[in-house]
2 protein chains.
Amino acid sequence: MYICSMYSKELVKGTLNVIVLNLLSQNGRMYGYEIFSRVKELTNEKILLKDGSLYPALQKLTKLGLLTVEEEIVGGRKRKYYNLTEEGTVRNQEYLIEIKDFFQTMSIVLSPKTIKA
Amino acid sequence: MYICSMYSKELVKGTLNVIVLNLLSQNGRMYGYEIFSRVKELTNEKILLKDGSLYPALQKLTKLGLLTVEEEIVGGRKRKYYNLTEEGTVRNQEYLIEIKDFFQTMSIVLSPKTIKA
DNA sequence: TTTAACGCATCGTTAATCTATGTATCAATA
DNA sequence: TATTGATACATAGATTAACGATGCGTTAAA
């Protein structure tokens with residue numbers, strides 16, 4: 001899996017957690033590769049999560065108590081299904097509020113017509 | 001100057017360059033502390049650039065040929081005025097396009113109602 | 001049988017940003 | 001007059017999220 005996002009790394013940085021948490025909150029039970037595929041599909045291949053980023057992130061979020069894992073064998077292949085915990089749900093809401101506020105603030109800073117004080 | 005942004009570091013990461021370039025493209029000639037103040041004012045203190053981030057960033061952008069510097073003494077204090085170069089103007093446009101596209105893409109990923117394929 | 005897609009893991013590196021600290025001027029204030 | 005806060009810039013070292021590279025194993029298709 002060698003892939004590359006159309007956005008500079010720096011931009012995408014800081015959004016991985018909220019992407020993962022939010023997808024899980026909407027779709028429920030998902031496994032890593034499924035998350036990768038779903039993001040790829042939703043973004044028209046504009047955001048391609050790196051597996052070297054995604055899998056460690058899922059492990060980290062689990063360690064933090066935001067996700068639960070269940071391992072299964074499906075079609076001879078190992079899968080790890082993740083689910084949001086209650087804490088994960090709360091954190092997702094917080095993240096969403098923060099990121100939306102941030103995007104709005106950024107659009108003000110970057111708006112072509114800002115009024116000088 | 002000890003300050004703290006209301007957003008998590010990770011989110012703001014990757015947006016410093018475009019903030020600086022875009023402010024300069026709108027306001028023309030500005031100095032570091034002025035950029036800090038302007039962003040603070042525009043964002044209602046939600047984004048407070050750290051001086052340990054801003055000044056190195058200005059130096060880096062200058063080294064990259066995106067900015068020019070002129071040093072002046074104003075009111076007994078040293079100021080370094082920055083301006084966009086042509087290359088900086090082009091880069092700013094590219095950054096703007098990228099970040100707006102990215103924000104739109106993110107809003108799709110994070111939208112509460114995504115249609116499953 | 002080889003390639004591609006599936007599915008997960010991990011080690012070492014990168015690089016943007018932060019923290020902390022330092023310098024110096026000026027205005028206000030206690 | 002001494003101190004604080006705002007103005008103005010600088011830098012060395014630490015942090016840390018994410019990345020690149022690599023590895024393992026399965027299944028299906030060419």
Side-chain angles (χ1 to χ4, degrees), chain A residues 1-21 29-41 45 47-64 67 69-82 95 99, chain B residues 1-21 29-41 45 47-64 67 69-82 95 102:
Chain A
M1 200 202 275
Y2 51 79
I3 49 191
C4 94
S5 189
M6 73 160 277
Y7 302 114
S8 60
K9 306 183 211 174
E10 298 323 314
L11 257 190
V12 186
K13 231 169 218 185
T15 58
L16 180 56
N17 288 340
V18 71
I19 288 176
V20 168
L21 293 178
R29 183 181 156 87
M30 292 180 92
Y31 56 98
Y33 195 80
E34 187 185 6
I35 293 175
F36 161 76
S37 306
R38 190 101 181 84
V39 171
K40 177 180 165 185
E41 176 210 343
E45 311 206 6
I47 296 179
L48 299 168
L49 302 180
K50 314 314 184 274
D51 48 1
S53 310
L54 178 59
Y55 294 116
L58 288 168
Q59 291 165 21
K60 197 191 70 184
L61 291 171
T62 305
K63 240 177 228 162
L64 288 172
L67 303 181
V69 212
E70 309 159 30
E71 198 166 328
E72 277 188 30
I73 306 292
V74 179
R77 291 197 197 86
K78 188 177 61 173
R79 278 188 191 170
K80 289 195 171 177
Y81 279 99
Y82 293 90
Y95 272 150
I99 204 169
Chain B
M1 200 204 274
Y2 49 80
I3 49 190
C4 93
S5 189
M6 74 161 274
Y7 302 113
S8 60
K9 306 182 212 173
E10 298 322 314
L11 258 190
V12 186
K13 231 171 219 187
T15 58
L16 180 55
N17 288 340
V18 72
I19 287 176
V20 168
L21 293 179
R29 185 180 154 86
M30 293 180 89
Y31 57 98
Y33 195 81
E34 188 185 7
I35 293 174
F36 161 77
S37 306
R38 190 102 181 84
V39 172
K40 176 180 167 187
E41 175 210 345
E45 310 205 8
I47 297 180
L48 299 169
L49 302 181
K50 315 309 185 279
D51 49 0
S53 310
L54 179 58
Y55 294 115
L58 288 169
Q59 291 166 21
K60 197 192 69 183
L61 291 172
T62 305
K63 242 177 228 163
L64 288 172
L67 303 182
V69 213
E70 309 158 30
E71 199 165 328
E72 278 187 29
I73 306 293
V74 179
R77 288 196 199 88
K78 188 178 59 172
R79 278 187 191 170
K80 289 196 172 176
Y81 279 99
Y82 293 90
Y95 272 151
F102 175 64

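Per chain, numbering begins at 1; letters A, B, ... match sequence-line order.
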Going from [atom1] on [X] to [atom2] on [Y], what distance comes out if it is rounded to the nearest 0.5 angstrom?
{"X": "Lys13(A)", "Y": "Leu11(B)", "atom1": "NZ", "atom2": "CG", "result": "13.0 Å"}
{"X": "Asn17(B)", "Y": "Tyr95(B)", "atom1": "CG", "atom2": "OH", "result": "4.5 Å"}
{"X": "Ile99(A)", "Y": "Ser8(B)", "atom1": "CD1", "atom2": "OG", "result": "8.5 Å"}
{"X": "Leu49(B)", "Y": "Ile19(B)", "atom1": "CG", "atom2": "CD1", "result": "6.0 Å"}
{"X": "Leu58(B)", "Y": "Ile35(B)", "atom1": "CG", "atom2": "CD1", "result": "5.0 Å"}

Closest nucleotide of DNA chain C for Leu54(B) versus for Pro56(A): which of these residues is on the 5' side?
Pro56(A)
The side chain of [X] is closest to which nucleotide in this list: [options]?
{"X": "Tyr55(A)", "options": "dA17(D), dT17(C), dG7(C)", "result": "dG7(C)"}
{"X": "Tyr33(B)", "options": "dA9(C), dT19(C), dT7(D)", "result": "dT7(D)"}
{"X": "Lys50(A)", "options": "dG7(C), dT19(C), dC19(D)", "result": "dC19(D)"}

I need the [atom1]-[atom2] distance between [X] and [N], as an integer number of Å.
{"X": "Ile73(A)", "N": "dG7(C)", "atom1": "CD1", "atom2": "P", "value": "11 Å"}
{"X": "Phe36(A)", "N": "dC8(C)", "atom1": "CZ", "atom2": "P", "value": "12 Å"}
{"X": "Tyr81(A)", "N": "dG7(C)", "atom1": "OH", "atom2": "C1'", "value": "11 Å"}
{"X": "Leu49(A)", "N": "dA17(D)", "atom1": "CG", "atom2": "P", "value": "16 Å"}
{"X": "Leu48(B)", "N": "dT19(C)", "atom1": "CG", "atom2": "P", "value": "12 Å"}
{"X": "Leu16(A)", "N": "dT16(D)", "atom1": "CG", "atom2": "C1'", "value": "14 Å"}
{"X": "Lys40(B)", "N": "dG5(D)", "atom1": "NZ", "atom2": "P", "value": "14 Å"}
{"X": "Glu71(A)", "N": "dC8(C)", "atom1": "CD", "atom2": "P", "value": "9 Å"}

Which ones in residues 7-14 of chain B lie close to DNA chain C, meaning a heavy atom under 4.0 Å from one of its atoms?
Lys9(B), Lys13(B), Gly14(B)
Look at the side-chain N and O atoms of Gln59(B) and state whether any lies under 4.0 Å from the OP1 or OP2 oxygen of dC9(D).
no
Does Tyr31(A) put a side-chain nitrogen or oxygen below 4.0 Å from OP1 or OP2 of dG7(C)?
yes
Member of Arg29(B), Lys78(B), Arg79(B) meeting the salt bridge (charged side-chain N to carboxylate O under 4.0 Å, His left out) criterion with Glu70(B)
Arg29(B)
Between Gly52(A) and Gly32(B), name the one whose nearest nucleotide on DNA chain D is closer to the 5' end.
Gly32(B)
Run the side-chain contact (heavy atoms from CB on, under 4.5 Å) check on Thr62(A) and Tyr82(A) step by step: do they pass?
CA-CA 8 Å; Thr62(A) 305; Tyr82(A) 293 90; 3.4 Å; yes
Which residues share a side-chain hydrogen bond (donor to acceptor under 3.5 Å, both in side chains) with Tyr7(A), sequence neighbours left out
Asp101(B), Thr105(B)
Applying side-chain contact (heavy atoms from CB on, under 4.5 Å) to Val39(A) and Val20(A), what does each step give before you reach the verdict?
CA-CA 9 Å; Val39(A) 171; Val20(A) 168; over 6 Å; no
Quick one: which protein N/O atoms are closer than 3.5 Å to N/O atoms of nucleotides 23-30 of chain D? Pair and distance per line, please.
from, atom 1, to, atom 2, distance (Å)
dT26(D), O3', Gly76(A), O, 3.4
dT26(D), O2, Arg77(A), NE, 3.0
dT27(D), O4', Arg77(A), NH2, 3.2

For a quick test of reading the model, state the closest non-hydrogen atom pair linking Tyr33(A) to Tyr55(A) and the distance between them.
N-OH, 3.7 Å
